[in-house]
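Everything on this sheet refers to the single structure shown next.
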Amino acid sequence: MNKLLLVVSFILLTLTSVYSQSLKLGLSGGLTNINAPDSYTEDISKGGFGFSSEIHYGVKAKLSLPLIPLTFAGYIMNHSLNSDESGAEYSLNVLAIGVGAEWALIPGPVSPYLGVDILSNSFGDLELNGNTASKDESRVGAAIGAGIDFKLLPKFDIDASVKYNMFNLIGQDDNEDTISSLNLNVTILFSVI
């Protein structure tokens with residue numbers, strides 16, 4: 001999967017230098033609300049990890065090509081999951097590298113879009129009270145959702161989106177449940193080209 005991401009990155013950089021209409025880079029942040037599996041969302045007292053809504057942060061790039069309402073996007077996000085109950089503390093960081101496309105529904109200064117992404121997710125060590133409960137692993141996932149691109153000034157945009165993420169669709173072990181979340185994200189984008 002990492003080779004695929006490198007190839008896609010190379011293609012995007014090549015298109016940027018030859019055919020691009022605009023390239024925008026920005027800082028992102030938002031809320032990750034874990035919905036499944038039950039072992040992730042149940043309270044620690046009931047045998048779960050107690051994860052609910054936590055923050056995520058990262059960077060995002062958007063590449064628009066001339067004459068088509070399709071924008072290519074790439075991002076790196078860190079999802080920091082933490083819980084604390086009755087002296088038990090769980091923590092898990094998920095580093096997500098995503099590439100995808102956003103289809104603009106209406107062009108203009110306020111432009112809604114639909115988006116789909118492919119994700120390479122690196123799950124860090126799951127820690128209980130600072131001790132490793134399980135080792136890190138990588139999985140391939142996907143995200144679908146919608147957003148709105150606000151064009152504030154010629155060089156600045158705000159991108160707000162809601163996406164449903166499935167972190168581990170490919171590469172699951174036997175009896176491994178799909179980890180999913182609803183992500184609210186805001187990115188402040190600056191025009192580079």
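- At a threshold of 4.0 Å, the pair K60-E102 counts as salt-bridged, since one of the basic side-chain nitrogens sits closer than that to a carboxylate oxygen.
- Shown here for S191 and K24, the closest heavy-atom pair between the two residues is OG-CE, 3.7 Å.
- Grouping the Ile, Leu, Val, Met, Phe, Trp and Tyr side chains by contacts below 4.5 angstrom, directly or via other members, places I188 apart from L184.
- Surrounding CD1 of I44 are more than 12 heavy atoms belonging to other residues, nucleotides or ligands, all under 6.0 Å away.
- For the pair N35 (side chain) and S181 (backbone), a donor-acceptor distance under 3.5 Å is present.
- In the hydrophobic clustering of this structure, F150 groups with F190; members are Ile, Leu, Val, Met, Phe, Trp, Tyr whose side-chain heavy atoms approach within less than 4.5 Å, directly or through other members.
- Summarising the geometry of L70 relative to A101, their closest heavy-atom pair is CD1-CB, 3.8 Å, with the distance given to 0.1 Å.
- Shortest non-hydrogen contact noted between L114 and A146 is CD2-CB, 4.0 Å.
- Heavy-atom contacts from other residues, nucleotides or ligands closer than 6.0 Å to CG of L153 number more than 12.
- Contact between T187 and G26 at its shortest, heavy atoms only, is CG2-C, 4.0 Å.
- N121 contributes a side-chain N or O that, together with a main-chain N or O of F167, makes up a donor-acceptor pair within less than 3.5 Å.
- We find that D149 and K62 are joined by a salt bridge, their nearest charged nitrogen and carboxylate oxygen being less than 4.0 Å apart.
- The backbone N or O of I106 lies less than 3.5 Å from a partner atom in the side chain of S111, making a donor-acceptor pair.
- Here the side chains of F49 and L81 are not in contact, with every heavy-atom distance at 4.5 Å or above.
- Between S28 and M77, the shortest heavy-atom contact is CB-CE, 3.2 Å.
- Of the listed residues (N185, N78, N183), just one forms a side-chain hydrogen bond (donor to acceptor under 3.5 Å, both in side chains) with H56, and that residue is N185.
- Looking at V59 and L25, their side chains never come closer than 4.5 Å, going by heavy atoms from C-beta outward.
- Heavy atoms from other residues, nucleotides or ligands lying under 6.0 Å from CG of L95 number more than 12.
- The shortest side-chain heavy-atom distance between L65 and F72 falls under the 4.5 Å cut-off.
- Listed for the N168 side chain is no donor-acceptor partner under 3.5 Å among the backbone atoms of R139.
- A donor-acceptor contact under 3.5 angstrom links the side chains of D159 and Y113, judged on distance only.
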